[in-house]
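Written below as structure tokens is the structure these notes are about.
All ligand and atom numbering here is 1-based and tracks the order in the structure.
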Amino acid sequence: MALTGHCLCGAVTYEFPNPPAMYGVCHCKNCQRQAGSAFSTLAGVPKAELKITGTPKLYRDGDTDSGNTVERYFCGDCGSPIYSAIPGQPDMAFLKTGTMDDTSGFAPMFHVWCSTRQDWVSLDDGVPQMEKQS
Ligand SMILES: [Zn+2]
Ligand SMILES: [Zn+2]
């Protein structure tokens, strides 16, 4: 059964047929800023399998700790982040899982950029934590 999601206003919707290849949490400062929250929760989905309806706006985020330019796609009407893409994994889209209709399958496999994790966030889920992104 396809997994589905949409932005807050519904102008951008998406679906993909298979369970995500991975789930992870990013604690980088730029994800915090974009989400307006403590971290971003991500699901890696092959771009070839991701069907998007509507046209997300693209922000090319070049001021990153990794030095890579992260493509951040979001709804231009309501501002919901939809997905990110990074040059190191050009075939993957990293969906912001808060926009998924059913988040019950979310189980993080790693935390990245723990070096900028917010102080109040305690990670005791037994999942590997990386100071940066490998
Ligand atoms: Zn929207
Ligand atoms: Zn991040």
Worksheet item: Short check: any N/O/S atom of H27 below 2.8 Å from the Zn ion (ligand 2)?
Response: no

Discussion item. What do you get for the angle at the Zn ion (ligand 2) between SG on C26 and SG on C31, to the nearest 10 degrees?
Written reply: 120°

Discussion item. Quick check on side chain to side chain donor-acceptor pair (under 3.5 Å): which of H27, R117, E131, Q129 does H111 satisfy it with?
Written reply: H27

Practice prompt. To the nearest 10 degrees, could you say what angle the Zn ion (ligand 1) makes with SG of C7 and SG of C75?
Written response: 110°

Discussion item. Between C9 and the Zn ion (ligand 1), is there a contact where an N/O/S atom of the residue lies under 2.8 Å from the metal?
Written reply: yes

Worksheet item: Strictly by modelled atom types, are D124 and S122 linked by a side-chain donor-acceptor pair under 3.5 Å?
Response: no

Practice prompt. Say whether N30 and T64, considering side chains only, have a donor N or O and an acceptor N or O under 3.5 Å apart.
Written response: no

Worksheet item: At their closest point, which heavy atom of T99 faces which heavy atom of P81, and how far apart are they?
Response: CG2-O, 3.3 Å

